[in-house]
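Here is the structure we will look at, set down as structure tokens.
Quick note: numbers below take in every heavy atom, side chains included, and nothing from hydrogens, waters or symmetry partners. Just so it is clear, the structure is predicted and the values come from calculations on it, not from any experiment.
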Amino acid sequence: MPYLSVYFSYGSEHFSVVVSNSGVGPAFVQDVVIHYQDSTYNMDPQTFAYLTIRPDSSVNYGVSSTALNKGYAISDKTAITLVESINQETADLLKEIFQENKAEVEITYSSIYDEVWRTSTINFPEKIE
């Protein structure tokens with residue numbers, strides 16, 4: 001059984017959103033959504049961060065990222081950084097959006113046996129089928 005966790009990693013000049021598979025076997029991503037300010041966005045955290053932060057052209061937006069889309073397989077014992085700041089200004093903005101304003105990253109995934117789970121930054125994995 002794959003076991004995905006979505007969490008934040010941060011320090012004084014760093015902020016990132018990470019997904020890790022600490023279970024057995026690969027996790028096949030079925031869906032990625034962001035719940036933010038009473039709306040749901042069907043997109044990966046990197047795209048969401050860009051669209052949320054970037055409209056202000058004065059922002060020195062700097063991130064490294066990995067796009068997480070339907071069909072992506074996350075191997076067991078693997079952690080993937082979905083979006084990570086590469087400067088202080090972006091770290092502060094990502095922390096504000098994801099941690100302070102509580103943007104929830106939710107991932108639905110399946111095992112090789114087609115069992116389906118849902119996990120998020122605020123909930124542990126739960127089987128949904």
Side-chain angles (χ1 to χ4, degrees):
M1 171 179 110
Y3 189 91
L4 292 188
S5 300
V6 186
Y7 57 92
F8 306 131
S9 173
Y10 53 91
S12 61
E13 297 182 13
H14 164 266
F15 188 90
S16 62
V17 179
V18 179
V19 60
S20 69
N21 181 356
S22 59
V24 177
F28 299 99
V29 175
Q30 302 294 312
D31 196 23
V32 180
V33 298
I34 311 292
H35 301 285
Y36 184 66
Q37 296 181 343
D38 299 323
S39 296
T40 299
Y41 301 88
N42 291 314
M43 61 184 67
D44 64 277
Q46 179 270 339
T47 304
F48 173 77
Y50 179 80
L51 294 174
T52 303
I53 293 172
R54 197 61 189 134
D56 178 358
S57 61
S58 68
V59 171
N60 180 16
Y61 183 78
V63 299
S64 63
S65 62
T66 301
L68 188 66
N69 298 304
K70 183 176 181 172
Y72 194 98
I74 302 171
S75 301
D76 55 346
K77 311 301 183 247
T78 299
I80 298 169
T81 301
L82 302 177
V83 62
E84 178 176 35
S85 62
I86 60 172
N87 62 44
Q88 180 66 51
E89 186 175 16
T90 304
D92 293 342
L93 292 168
L94 290 176
K95 184 176 180 183
E96 179 183 333
I97 291 167
F98 286 101
Q99 192 171 36
E100 295 169 13
N101 293 339
K102 310 237 186 291
E104 177 188 7
V105 179
E106 180 183 273
I107 301 171
T108 303
Y109 64 98
S110 64
S111 70
I112 60 173
Y113 301 110
D114 292 326
E115 297 170 309
V116 180
W117 289 272
R118 182 175 295 129
T119 190
S120 75
T121 48
I122 63 171
N123 292 307
F124 293 110
E126 68 175 334
K127 195 170 183 178
I128 57 173
E129 282 187 6

Starting at OG1 of Thr108, measure out to CD1 of Ile128 and round the result to the nearest 0.5 Å.
5.0 Å
Roughly how far, to the nearest 0.5 Å, is the CD1 atom of Ile34 from the CD1 atom of Ile97?
10.5 Å
Among the clusters formed by ILVMFWY side chains lying less than 4.5 Å apart, do Ile74 and Val18 turn up in the same one?
no
Does any part of the side chain of Thr78, heavy atoms only, come nearer than 4.5 Å to the side chain of Pro26, both counted from C-beta?
no
Set of side chain to side chain contact (heavy atoms under 4.5 Å, CB included) partners for Asp76, sequence neighbours left out:
Asn21
Excluding sequence neighbours, so at least two apart, what forms side chain to side chain contact (heavy atoms under 4.5 Å, CB included) with Ser111?
Pro2, Tyr113, Glu115, Trp117
How would you list, by chain and number, every residue that makes a side chain to side chain contact (heavy atoms under 4.5 Å, CB included) with Thr66, sequence neighbours excluded?
Tyr72, Ile80
Closest heavy-atom pair and its distance - Ser20, Tyr7:
OG-CE2, 3.7 Å
Once side chain to side chain donor-acceptor pair (under 3.5 Å) is applied, do any residues pair with Asp31, and if so which ones, sequence neighbours excluded?
none
Determine whether a donor-acceptor pair (N or O, by modelled atom type, separation under 3.5 Å) exists between the side chain of Lys77 and the backbone of Gly23.
yes
My understanding is that only residues two or more places apart in sequence, or in another chain, count here; which of them pass side chain to side chain donor-acceptor pair (under 3.5 Å) with Glu96?
none
Using distance only, find each side-chain donor-acceptor pair of residues 119-126 under 3.5 Å and give its atom names and separation, not counting sequence neighbours.
{"from": "Thr119", "atom 1": "OG1", "to": "Leu4", "atom 2": "O", "distance (Å)": "3.2"}
{"from": "Thr119", "atom 1": "OG1", "to": "Asn123", "atom 2": "O", "distance (Å)": "3.3"}
{"from": "Ser120", "atom 1": "OG", "to": "Glu104", "atom 2": "OE2", "distance (Å)": "2.8"}
{"from": "Ser120", "atom 1": "OG", "to": "Ile122", "atom 2": "N", "distance (Å)": "3.1"}
{"from": "Ser120", "atom 1": "OG", "to": "Asn123", "atom 2": "N", "distance (Å)": "3.0"}
{"from": "Thr121", "atom 1": "OG1", "to": "Val105", "atom 2": "N", "distance (Å)": "3.2"}

If you measure from NZ on Lys95 to OH on Tyr10, what distance do you get to the nearest 0.5 Å?
6.5 Å
Checking Ser65 now: which residues fulfil side chain to side chain contact (heavy atoms under 4.5 Å, CB included) with it, not counting sequence neighbours?
Gln46
Could you check whether atom OH of Tyr3 has more than 12 heavy atoms from other residues, nucleotides or ligands sitting under 6.0 Å from it?
yes
Under the side chain to side chain donor-acceptor pair (under 3.5 Å) rule, collect the residues that match up with Glu13, sequence neighbours excluded.
none
Listed once per pair and sorted, the side-chain hydrogen bond (donor to acceptor under 3.5 Å, both in side chains) pairs that draw on residues 33-45, sequence neighbours left out:
His35-Thr40, His35-Glu106, Tyr36-Asn101, Asp44-Thr47
Can you tell me how far the OG1 atom of Thr90 sits from the CD1 atom of Ile53, to the nearest 0.5 Å?
6.0 Å
In terms of hydrophobic clusters joined by side-chain contacts under 4.5 Å, are Val17 and Met43 together?
yes
Using the side chain to side chain donor-acceptor pair (under 3.5 Å) criterion, which residues pair with Ser85? Sequence neighbours excluded.
none
Contact list for residues 11-31, test ring pair (Phe, Tyr, Trp, His ring centres under 6.0 Å), sequence neighbours left out:
Phe8-Phe15
Nearest 0.5 Å, what's the CD1-NZ distance between Ile107 and Lys70?
15.0 Å
If I take atom OG1 from residue Thr52 and atom CZ from residue Phe98, how far apart are they, to the nearest 0.5 angstrom?
7.0 Å
